[in-house]
Amino acid sequence: MPIATVNPANGETLKTYEALGAEEIERRLAAAETAFRTYRTTSFAERARLLHRAADLLEEDRRDVARVMTTEMGKPIKQARAEVAKCAKAMRWYADHAEELLADEESAESEAKDSGASRVLVRYRPLGPVLAVMPWNFPLWQVIRFAAPALMAGNVGLLKHASNVPQTALYLEDLFHRAGFLEGCFQTLLIGSGKVEDVLRDGRVRAATLTGSEPAGRAVASVAGDEVKKTVLELGGSDPFVVMPSADVDRAAKTAVTARVQNTGQSCIAAKRFIVHTDVFDAFAERFTAGMEALKVGDPMDEDTEVGPLSSERGRSDLEELVDDAVEAGATVLCGAERPEGSGWYYAPTVLADVTPDMRIHREEAFGPVATLYRAADLEEAIAIANDSPFGLSSNVWTRDEDEVDRFARDLEAGGVYVNGMTASHPAFPFGGVKRSGYGRELSGHGIREFCNITTVWHG
Ligand code: NDP
């Protein structure tokens, strides 16, 4: 894949970039190592000052950065600006909380004594340069979600961003530089995915985090495993959205539309499979389909556009294949299932019913504005359908019955259970999945400790 900005709204190639050569990659790895030696000794207060400064600069650049993201991957411009604001908030959150999240932990006196010590402390120390392999769907947020905690912990970052968002990738390096971080603390490597293995095998790189598809995750984790390097993987999802009879069906249907089409449906935590109790199935299906049909699809630069083009031609054809496969195997089209006329990689918001386990869309991630509807006879069946997926990122349940809430929280195979609402990440709460959705956690105290050397300091 060439490293280039190609506008998904019209297919026009706007800018192409040469991938870095071996010498430049070496220079950057050396800079990361050198920066780490000094940066690891800086105080939390100093790191926080720099990160606050970066958040301020990002907010000042809000309009321009949003336009760059929309031009590179097609997200509606309002959502691009919201992404910028979310990033600034997460940066400030980590700037304000890292010291407390990584404070030394003093063991109980009795346990220290039992080990023969006068005192035992657990200290969270940084690991070193961390490689971040990131996707295009939230080109700023995915990176900040890694970079804010990594930098506050005293690590340094090497970003290998998706090849279709090079301008956003370069902007991020420039942002941290302007904020005053030492040269080498945060660098962008403009390289194709074929060069990731070499970088990851380099002894100066201590760990890796990847957000993206399962094949990419498997490739990076295999190399990291071979090198005995820690990884965090945040891969795809096919999150269930369960609606039970006691739910507020109107509100559920309205939220379901947003939960499915946020970012033109290209979100790992978008709700993708809608599992509805038979008592409210017809009411929900009617309102949800009406909501999907009413969405404004169009130029992502227009302020009132709700659904833009998919990020790439391949993204659209992959999605189309999943829909065609389902329709051929007997799925019912309630709306959409077609390309609108004209240029750009648009796909109509689509709802499919009568989906069965033999269809690809039942097992694979539909990365675009396509929803599948399932009918469940009772709670047991709803849970069984929800768990019948290789993925386990998050889940959404709509019910006013507390016993049902307990059952979902106990039995859904997912890293999140969102009750009467849609999944949305927040810096204070852990984010990540189980099964093929990956492992490890981002955000919160759990996220910042993933790339720490958890050190026992024992005093005799
Ligand atoms: P990829 O997983 O291919 O890309 C994500 C990142 O991984 C990019 O930086 C990419 O680089 C890199 N990468 C890809 N293959 C390798 C490899 N073998 N070794 C090292 N790095 C690699 O996502 P796609 O854009 O191809 O999207 C395909 C599907 O992945 C989507 O349809 C969706 O299902 C899923 N996806 C999930 C995301 C999520 O948020 N969980 C985000 C994006 C995609 P390069 O761009 O240079 O190829």
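Start at 1 and go down the list; that is how both ligands and their atoms are numbered.
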Do any nitrogen or oxygen atoms of Thr211 come within less than 3.5 Å of a nitrogen or oxygen of ligand 1? no

Between Arg204 and Glu33, does at least one N-O distance fall below 4.0 Å, as a salt bridge requires? no

Does the protein put a heavy atom under 4.0 Å from atom 4 (O) of ligand 1? no

Are the charged groups of Glu320 and Arg316 less than 4.0 angstrom apart, N to O? no

Starting from atom 46 (O) of ligand 1, locate the nearest protein heavy atom and write down its residue, its atom name and how far away it is, to 0.1 Å. Ser163 N, 2.9 Å

Quick one: sort the Phe186 and Phe176 rings into parallel, tilted or perpendicular, breaks at 30° and 60°. tilted

What is the nearest protein non-hydrogen atom to atom 35 (C) of ligand 1, stated with its residue, atom name and distance? Glu365 OE1, 3.6 Å

Geometric N/O contact Ala216 with ligand 1, under 3.5 angstrom: no

Tell me which protein heavy atom sits closest to atom 40 (O) of ligand 1, plus the residue, atom name and distance to 0.1 Å. Asn137 ND2, 3.1 Å

Test Phe274 against every option in Phe281, Phe241, Tyr374 by the ring-ring contact (aromatic ring centres under 6.0 Å, His included) rule and name the one that passes. Phe241

Are any of the side-chain nitrogens in Asp96 or Arg92 under 4.0 Å away from the carboxylate oxygens of its partner? no

Is a salt bridge present between Asp388 and Arg273, judged by a nitrogen-to-oxygen distance below 4.0 Å? no

Glu197 contact mode with ligand 1 (heavy-atom cut-off under 4.0 Å): neither

Among all protein heavy atoms, pick the one closest to atom 32 (O) of ligand 1 and tell me residue, atom and distance. Phe367 CB, 3.5 Å

Protein residue, atom and distance nearest to atom 29 (C) of ligand 1, heavy-atom basis: Ser213 CB, 3.9 Å

Taking distance alone, with no angle check, do Asn164 and ligand 1 share an N/O pair under 3.5 Å? no

I need the nearest protein heavy-atom contact for atom 22 (C) of ligand 1: residue, atom name and distance, please. Ser193 CB, 3.4 Å

Where is the nearest protein heavy atom to atom 18 (N) of ligand 1: which residue, which atom, and how far? Ala219 CB, 3.5 Å

Could you report the tightest heavy-atom contact between Ala98 and Met152, atom names first, then the distance? CB-CB, 3.5 Å

Looking only at protein heavy atoms, which one is nearest to atom 39 (C) of ligand 1, and how far off is it? Cys268 CB, 3.5 Å

Counting only nitrogen or oxygen atoms and a 3.5 angstrom limit, does Pro135 reach ligand 1? no

Under a heavy-atom criterion of less than 4.0 Å, does Asp318 contact ligand 1? no

